[in-house]
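Numbered from 1 within each chain, the chains take letters A, B, ... in sequence-line order. Scope of the values below: all heavy atoms of this structure, side chains included, with no hydrogens, waters or symmetry mates.
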There are 2 protein chains.
Amino acid sequence: MLDTPNVDRFDVDRRARRRESTRREILDAAWEVARESGLTGVTLRDVAERVGMRAPSLYSHFESKHAIYDAMFGEAWADYERVVRVEGAGAPDDLRGAAHAMSRTFFDFAVADHARYQLMNERVVPGFEPSAESYAPAVRVLEATYAVAAERGLADPDDLTILLAIIGGLVAQHLANDPDGDRYERLLPRAVDIWADGIGLPRTTPEKDPA
Amino acid sequence: MLDTPNVDRFDVDRRARRRESTRREILDAAWEVARESGLTGVTLRDVAERVGMRAPSLYSHFESKHAIYDAMFGEAWADYERVVRVEGAGAPDDLRGAAHAMSRTFFDFAVADHARYQLMNERVVPGFEPSAESYAPAVRVLEATYAVAAERGLADPDDLTILLAIIGGLVAQHLANDPDGDRYERLLPRAVDIWADGIGLPRTTPEKDPA
DNA sequence: GTCTATACTGTGATAGAC
DNA sequence: GTCTATCACAGTATAGAC
């Protein structure tokens, strides 16, 4: 007795795939609710209803509400990582130009989905802290950003930290004070240039020959 | 009948004072809970218990939980306004020096009480928006800041907006990533100098004679 | 006006039947 | 896996004691 049941590999695959797709549906519904009702406006009952379930059934797929937030967090940063990889490919060789491109990319991504940005970068959900696994893409993006800057001749990594604070500060002001306007978006190029001037980068695209 | 009851002005005063002091006790308790359990960790039952009441009794003094947050919001900005007035009195005459002093003041005030900063400057409480009355001191502080900068020769007010974003960005990073450390505090002077250099302010305290 | 008791609705979460 | 039932806890509305 206690023999291996008659379940071949195909059944296991199918079951795993089905389970994955249910998780996907739940996450899609959660994103939908977050965009409509705000990040903290997400309720399990609302999410469950959109996938044709009762709230407790969600616990078959996620350990808790925070686990759903956690999966969303990882997804958001993975999405941003993809965007950075695509747009970063065509980034200018000079540090100032790269800073402009990077800040634009970040600002646009941030502003496109307020709830997503709050989840990624602000501490809006009371008890939530991302797991190491979900945090990984965020770390990768940051490390890649520092590497890109170093390649383009950034002397002090602290200066990049400051640039990131500048951009984050403008995004925060935008979301808090002028979410539908362009008051802070307009300041973005100026802010980046102030930073570039402030750390002594050359004004225009530098020529290749040093002599 | 229906004569004016025998209540003189003293009784009215005393009652008003008693009412005010009860409000004070409630607000103090609310601040206490906010510092201990986080801003969103404040519950009416917890606040009520600390002032020796039941939760519904708070409604005799505040219309709602948001009304308590609103009073706290106004109080926090009024406190900061007071700090700015005191420390601003001894502010340097040059714009760079004033920027350094101002950013220090703001950063220290922000970091001293995380819950207070979240209430003042981040959108952490789901449905809460400050009333016009509570918002007033915040507006006054901002206007005064722009005035101080203009007096010291700031050419473009947008540049001050950018400075404020820089400081706010550093505070946000501090609170999110290194609340007990000094990783971002250390960057503050450098960030302000980058800004000052970037908008073309002289390096040292300028001398009065232009020739 | 101030406070309490009670209760209503909605939340995340758990237990157990099917 | 999904359900129903239920729990503990939240904010808050209401009625009534004082």
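For the ring-ring contact (aromatic ring centres under 6.0 Å, His included) with B:H174, the qualifying choice from B:Y117, B:F106, B:F107 is B:F107, the only one to do so.
Of the residues in residues 57-66 of chain B, B:S57, B:S60, B:H61 come within less than 4.0 Å of DNA chain C through at least one heavy atom, sorted by number. Contacts with DNA chain C (heavy atom under 4.0 Å) in residues 20-40 of chain A: none are found.
Residues passing the side-chain hydrogen bond (donor to acceptor under 3.5 Å, both in side chains) test with A:E87, sequence neighbours excluded: A:T105. Every side-chain hydrogen bond (donor to acceptor under 3.5 Å, both in side chains) that B:R96 has, sequence neighbours left out, goes to B:D193, B:D197. Here A:H61 pairs with nothing under the side-chain hydrogen bond (donor to acceptor under 3.5 Å, both in side chains) rule; sequence neighbours left out. For A:E185, the salt bridge (charged side-chain N to carboxylate O under 4.0 Å, His left out) partners are A:R104, not counting sequence neighbours. Remark: A:R190 pairs with B:D159 by the salt bridge (charged side-chain N to carboxylate O under 4.0 Å, His left out) rule, at least two apart or across chains. Under the salt bridge (charged side-chain N to carboxylate O under 4.0 Å, His left out) criterion, B:R24 pairs with B:D28, B:E75, not counting sequence neighbours. Residues passing the salt bridge (charged side-chain N to carboxylate O under 4.0 Å, His left out) test with B:D156, sequence neighbours excluded: none.
Mapping B:R45 and B:R18 onto DNA chain C by nearest heavy atom places B:R18 closer to the 5' end of the strand.
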Distance-only donor-acceptor pairs under 3.5 Å for side chains of residues 143-150 of chain B, two or more places apart:
{"unit_1": "B:T145", "atom_1": "OG1", "unit_2": "B:V141", "atom_2": "O", "d": "2.7"}
{"unit_1": "B:Y146", "atom_1": "OH", "unit_2": "B:T161", "atom_2": "OG1", "d": "2.6"}

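Close approach of DNA chain D to chain B, defined as any atom under 4.0 Å from a non-hydrogen atom of the protein, starts and stops at D:dA10 to D:dA13.
Atom P of nucleotide C:dT6 and atom CZ of B:R54 are separated by 11 Å, given to the nearest angstrom.
Identified under the side chain to side chain donor-acceptor pair (under 3.5 Å) test for residues 35-48 of chain A, with sequence neighbours left out: A:R35-A:D113, A:E36-A:R50, A:D46-A:R50.
Contact annotation for B:V42: backbone-only contact, meaning every heavy-atom pair under 4.0 Å involves sugar-phosphate atoms and none involves a base.
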